[in-house]
2 protein chains.
Amino acid sequence: MLSEQVYAHLRDAIMRGDFAPGDALKPQDLAKDQGVSLAVVREALVRVVGEGLADRLPNRGFAVPAFSDRRWQEIAEARRTIEPVMLRMAIERGDVDWEARVRAAHHRLARTPAYAQDEGEHYSDAWAEAHRLFHRTLLEGCGNPVLLEVFDRMWTASELARRWSARRTPGRDAVGEHGRLEEAALARDADTAAEVLTRHLTLTAAVLTGRTHDEPAKET
Amino acid sequence: MLSEQVYAHLRDAIMRGDFAPGDALKPQDLAKDQGVSLAVVREALVRVVGEGLADRLPNRGFAVPAFSDRRWQEIAEARRTIEPVMLRMAIERGDVDWEARVRAAHHRLARTPAYAQDEGEHYSDAWAEAHRLFHRTLLEGCGNPVLLEVFDRMWTASELARRWSARRTPGRDAVGEHGRLEEAALARDADTAAEVLTRHLTLTAAVLTGRTHDEPAKET
DNA sequence: ATCCGACCAATAATCGATTATCTTCCCAGC
DNA sequence: GCTGGGAAGATAATCGATTATTGGTCGGAT
């Protein structure tokens, strides 16, 4: 299944930030680059659009979405709305296996350097994936695949926005935040865990506000 | 854009229940039926899969999904988890325009007969659409498009399951439930509204339990 | 009689080429 | 000099045909 590979490649390229927001995704070029026909590229593009990783302009082709600051804030709010509720479910229902996986995911996250020197000021791919897995593992305790799909979609959108805007944020204690999140969850302290998660998401959103690609950091 | 029409047609056909769960969606047949080429059918199918309205089996084509009873319960739980939270947001934030649209949507729903004599024991299309619009309008007050997209996806899945299983449920007072929901929301009584909505969703789920296509109603 | 393997029909996946649509740039007319 | 119409090039959308994979079936060997 060629279209699967092309889809994965395209998705990774967009998430990695290989294209600038608003860039046209030309089927012809992509097809030539990957040595496949237009049909498979088109199929991959349609899938990508379905995931919100590209826009489709009728009769004008596909393009990398240019999220507005407003859109990003909406995504962040949606996460603040849903994820704490899922976390409470996870804390209530998670079994020993879940606890073990949370510890493992946190260990991996804590041991993965957030920045690689050769990747400039962006987070490293390895850290981003460890970060995602920690958050997802935490919520997996809720045991509901439908809710986890919702999480996946929101995470993707959220991560895309961050790739285009996030820079090193010296003042932030990400390690400590994740540590407190892990401890509260495993201590089955739902109120504290939900509060820590909400604050974590709020801080993440705050970092990005006014710092998207099309609206550089304000100096106030 | 032909694929758009084909996609809409296919989506409606699946939602209408024109295909049995598990049925293969053969590109060739669909292409001949609609008088288009394979490429556009394929594109439409990929989109449909992205919405969860069809399954894709690698090298074995596309098929109408056969939701298990468990899957349906997970969808219902996800709705019970998220929608009451959205409703609280809507009640807190909704403006006068929202109130007016809620009243309008409820009026339309209450005035639309739930069953058409020529459609047998299924709900009528008109009622299903009015029902969807009432619920959606109610939640639109939350003002967050991301959350509303989540609602749309869950509603689609939920409705699909119901189309295959729901029959007349004589004992149920759907009109009254919706009326109480409207009143509580417009009275800005978040606790009552959330409780009514949760009960509404729980009842909807209960109706379907044990009555999916592949597991006919239990007699017990 | 049963099991294994090679043929075969069906169809999923892909391709190369064609048609339709949009964009741009140029030139005639005002 | 400016504006509107129109051809030309680029690209999106679609098509018809080709290739690859699957699942079933028929035949032979044990």
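Please read these numbers as outputs of a predicted model, since none were measured by experiment.
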With Arg101(B), which residues qualify under salt bridge (Lys or Arg N to Asp or Glu O under 4.0 Å), at least two apart? Asp97(B), Glu140(B)
Rounded interatomic separation in angstrom, taking CD from Glu43(B) and P from dA13(C): 15 Å
Residues Glu129(A) and Arg136(A) bridged, charged N to O under 4.0 Å: no
Are any of the side-chain nitrogens in Glu149(A) or Arg71(B) under 4.0 Å away from the carboxylate oxygens of its partner? yes
Interatomic distance, Arg56(A) CZ vs dA12(D) P [rounded to whole Å]: 11 Å
Given His178(A), which partner from the list His135(A), His107(A), His106(A) fulfils the ring-ring contact (aromatic ring centres under 6.0 Å, His included) test? His135(A)
Could you check Lys26(B) against Val40(A) and say which one's nearest nucleotide on DNA chain C is further toward the 5' end? Lys26(B)
Output yes when a side-chain donor or acceptor of Arg93(A) lies under 3.5 Å from a complementary backbone atom of Cys142(A), and no otherwise. yes
Mind listing the N/O atom pairs, protein and nucleotides 19-23 of chain D, below 3.5 Å?
residue : atom : partner  : partner atom : Å
dG23(D) : OP1  : Arg60(B) : NE           : 3.0
dG23(D) : OP1  : Arg60(B) : NH1          : 3.4

Rounded to whole Å, how long is the line connecting atom CD of Gln28(B) with atom C1' of dC15(D)? 14 Å
Whole-Å distance separating the CZ atom of Phe62(B) from the P atom of dA12(C): 8 Å
Once rounded to the nearest 0.5 Å, what's the spacing between atom CG of Leu109(B) and atom NE2 of His131(B)? 6.5 Å
Short side-chain N/O contact to dC15(C) OP1/OP2 from Ser37(A), under 4.0 Å: yes
Phosphate-side-chain proximity, Arg42(B) and dA12(C), N/O vs OP1/OP2 below 4.0 Å: no
Want to settle it: does Pro27(B) or Val36(A) sit nearer the 5' end of DNA chain C, counting the closest nucleotide to each? Pro27(B)
Here the distance between atom P of dT14(D) and atom CE of Met1(B), to the nearest Å, is 7 Å
Can you check the Leu2(A) CG to dG16(C) C1' distance for me, whole Å? 15 Å
For Leu45(A) and dT11(D), what is the distance between atoms CG and P respectively, to the nearest whole Å? 15 Å
